[in-house]
Amino acid sequence: MKVLFVYPNLYTQMGFNHGLASLSACLQRDGHETRLVNLNENLPPVPTDEDVWNTIRDWGAGMVAFSCLTQQYAAAVALVEYLRERAASEGVALPPIVVGGVHPTMVPVEVMADGVWDHVGVGECEDALCELVRRVEAGEAPDDVSNFLSWKGGVRPSDREPVPDDWVHNRVGEFPDLETLPVPDYGLFDTARITEQKHGWFGLMTSRGCPYRCTYCLNHKVIDRYRAELGRPVPKLNFFRYRPAHKAIEEIRHVLERYPDIGTFILDDDLFTLNKEHALEFSRAYRESGIEVPFVVNSHVKQLDPEVAEALAAANCRILKLGIESGSPRVRKEVLKRNMSQEDILGTVRIAEEHGLHTSGFVMVGLPYETRAERLETVDLLARSRIGRFRTSLFFPFPGTESHRLAIEGGFVDADKVGSLTDFTSSSSLDFGEEENLFIEKLAACMPWFVNAALDRHGEAPASARYRDVVAEVEALDRAGWEAFEPRVRELDAELSAAATAAEELHYSIRYNAFMGVRSDFFLAEEAGIEWSTAAAKPVPERLRALALAAAAAEVC
């Protein structure tokens, strides 16, 4: 069968969908043919609705399978409605249309009730989709395939509004075994062009699963569903799975043969350092492989063993990414269910950098039940830690998560905003009142300035005086003033950073994108060519000073 994947991914970060690549590889292993329509403005030309229609008809797709995040779901529904109207007007039959991904997994009943899909996938569907395709290819209209909500008798009612009695909610199957899954189909995407546009960054996964129950993440809902429907406790579900190190290395070699311009691997595992043995085994295998491409991993502030940090650094790991989310212990505990102390965070940053790992923290602003003082605790914690870089995003409550329930109960969710957002970096879907909404926008856009202004609370930091007046000016702006000022933030940041650099003042600057703050000793080392081209491995003020002296000496000569 020919299976056409459709990935709505407009006006958000351009990326690679690991789930689709794995699904495609499994279908190809079973003898099927796959193809992708990737709807992203960074990969022009963007296919139109008619282009999708023509691809389905001309290519002869036997199934169309969508993958959707919440922010892209409305666009997916609109596209499917167009396809159904077009088919009706021309008197032709569409192949079965399936949807999966984060949004359908979190709220499958709501998605099925929309009435436009033939099957709605829940959870990890490699085995289930292969079975569904096999049954459809055999001429069946199945309604009993695991992991899917399907219409009774396999027939979607098209003449009335659907009700829950119209469909079957099949229980989930077992989690796929990472040891037996084929290498993901990286060729499904325009991977060379994506890698080029991402400046050589390339994502891989060596494990699946996370033991934490953060309220904003889908993991806790996924594992609860599997536990309830399979009737087994978490330890017997095989949720935490690891690809053996030798197979991961084989996959990396496979990728490098096809995409030689890769400059950095990002291991997108939810929590790479969770299993010490796996982390050590992979680090040892990577070091012994002779692969020289540096890599980046996700860690947790309570899951970094010093032995693992040392092994990662020796294997050419350069960045350790940490989910900090909020600088407020109360918000982390009561709103996010992230039970970690300030010292956990500061200690992990310290251990990582002592071993030559550049640290990168994720923080959110605009969290429900968070006061302004607690938002500023995030600023203070970043300043205190002097973390290598940090990425700021606006909180988005994904439907089906615990944080979504909390936001609804608190009356914070603006339904109109939720329906209009395509990402979670440019605006918030929550409403805290005009004054606080404005402050949150300013904080999200200018977080490095706020942090710079707070640096001298925790040690010598001449740059603080330079940024303090700028932060006060930003805070004083009204809505009209801010909207006039905001487009100049990147330009002004470059000017401020240049002045701080000339004065040899440690500071953070907005680099790489509009929501990333990077410490100056790292980006200066990068610009000077001392370190690799996306992040320095450790602070290098001594080497920068030596470089400046050498350049001055050369000028004298």
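Model, not experiment: these values are computed from the prediction. Heads up: numbering here begins at 1 and tracks the sequence.
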Centroid-centroid under 6.0 Å between [X] and [Y] rings:
X	Y	value
Phe239	Tyr226	no
Phe522	His358	yes
Tyr186	Phe202	yes
Phe295	Tyr286	yes

Taking the side chain as C-beta and beyond, is there a heavy-atom pair between [X] and [Y] under 4.5 Å?
X	Y	value
Phe362	Thr392	no
Tyr242	Leu274	yes
Leu381	Ile345	yes
Asp127	Asn147	no
Asp30	Arg134	no
Pro399	Met106	no
Val133	Leu27	yes
Leu181	Leu178	yes

Any side-chain donor paired with an acceptor under 3.5 Å for [X] and [Y]?
X	Y	value
Glu370	Ser328	no
Gln72	Tyr11	no
His507	Ser497	yes
Glu374	Tyr369	no
Gln28	Asp185	yes
Glu353	Thr359	yes
Asn40	Asn42	yes
Asp493	Ser509	yes

Between [X] and [Y], is there a donor-acceptor pair closer than 3.5 Å when you use the side chain of the first and the backbone of the second?
X	Y	result
Asp268	Gly203	no
Arg29	Pro182	no
Thr105	Gly123	yes
Thr378	Gly327	yes
Arg405	Thr401	no
Arg318	Pro294	no
Ser24	Ala21	no
Asn452	Pro448	yes

For Phe240, the ring pair (Phe, Tyr, Trp, His ring centres under 6.0 Å) test, sequence neighbours excluded, returns none

| request: Evaluate the side-chain contact (heavy atoms from CB on, under 4.5 Å) criterion for residues Asp380 and His458: first the C-alpha distance (whole Å), next the side-chain angles of each, then the deciding distance (0.1 Å), finally the verdict. | output: CA-CA 9 Å; Asp380 189 73; His458 306 287; 2.9 Å; yes

Could you please spell out the steps behind the side-chain contact (heavy atoms from CB on, under 4.5 Å) verdict for Leu267 and Phe282? CA-CA 11 Å; Leu267 303 189; Phe282 177 87; 3.8 Å; yes

For this session: Start with the C-alpha gap between Val365 and Leu394, add the side-chain angles, then the distance that decides, and say whether side-chain contact (heavy atoms from CB on, under 4.5 Å) holds.
Result: CA-CA 5 Å; Val365 296; Leu394 288 149; 3.7 Å; yes

Residues Arg213, Asp224; criterion salt bridge (charged side-chain N to carboxylate O under 4.0 Å, His left out); working and verdict:
CA-CA 10 Å; Arg213 298 182 63 85; Asp224 285 350; 2.8 Å; yes

* To do: Take Val451 and Phe390, measure what side-chain contact (heavy atoms from CB on, under 4.5 Å) needs, and give me the verdict at the end.
  => CA-CA 10 Å; Val451 174; Phe390 50 83; 3.8 Å; yes

Query raised in the report: Is the shortest distance from a Lys or Arg side-chain nitrogen in Arg384 or Glu377 to a carboxylate oxygen in the other one below 4.0 Å?
Result: no

Does Glu288 have more than 12 heavy atoms from other residues, nucleotides or ligands lying within 6.0 Å of its CD? yes

Please find the pair of heavy atoms, one from [X] and one from [Y], that lie closest to each other, and give the distance.
X	Y	result
Ala25	Val183	CB-O, 3.2 Å
Leu524	Thr501	CD2-CG2, 3.7 Å
Arg386	Leu506	NH1-CD2, 3.6 Å
Leu382	Tyr508	O-OH, 4.2 Å
Val122	Pro104	CG2-O, 4.2 Å
Ser22	Glu126	OG-OE2, 2.7 Å

side-chain hydrogen bond (donor to acceptor under 3.5 Å, both in side chains) between Tyr216 and Glu325, intermediate numbers included | CA-CA 10 Å; Tyr216 54 87; Glu325 315 311 355; 3.2 Å; yes

To the nearest 0.5 Å, what is the distance between [atom1] ([X]) and [atom2] ([Y])?
X	Y	atom1	atom2	answer
Arg241	Met205	CZ	CE	9.0 Å
Ser67	His103	OG	NE2	12.0 Å
Ile440	Phe395	CD1	CZ	11.5 Å
Lys302	Leu304	NZ	CG	14.0 Å
Thr70	Leu218	OG1	CG	9.5 Å
Leu230	Glu174	CG	CD	5.5 Å

Exactly one of Glu281, Arg243, His278 clears side chain to side chain donor-acceptor pair (under 3.5 Å) with Thr206, and that residue is His278

For the residue pair Arg511 and Phe523, would you count it as a cation-pi contact if the rule is NZ or CZ under 6.0 angstrom from the ring centre and within 45 degrees of the ring axis?
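Flagged: Arg511 positioned over aromatic ring of Phe523.
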
TODO: Output, in order, the C-alpha distance, side-chain angles, deciding distance and verdict of side-chain hydrogen bond (donor to acceptor under 3.5 Å, both in side chains) for Ser403 and Thr215.
DONE: CA-CA 5 Å; Ser403 64; Thr215 61; 4.6 Å; no

- Task: Check step by step if salt bridge (charged side-chain N to carboxylate O under 4.0 Å, His left out) holds for Lys276 and Glu307.
- Result: CA-CA 9 Å; Lys276 178 179 177 180; Glu307 184 182 356; 3.0 Å; yes

Could you please spell out the steps behind the ring pair (Phe, Tyr, Trp, His ring centres under 6.0 Å) verdict for Tyr7 and Phe66? CA-CA 6 Å; Tyr7 185 33; Phe66 284 69; over 10 Å; no

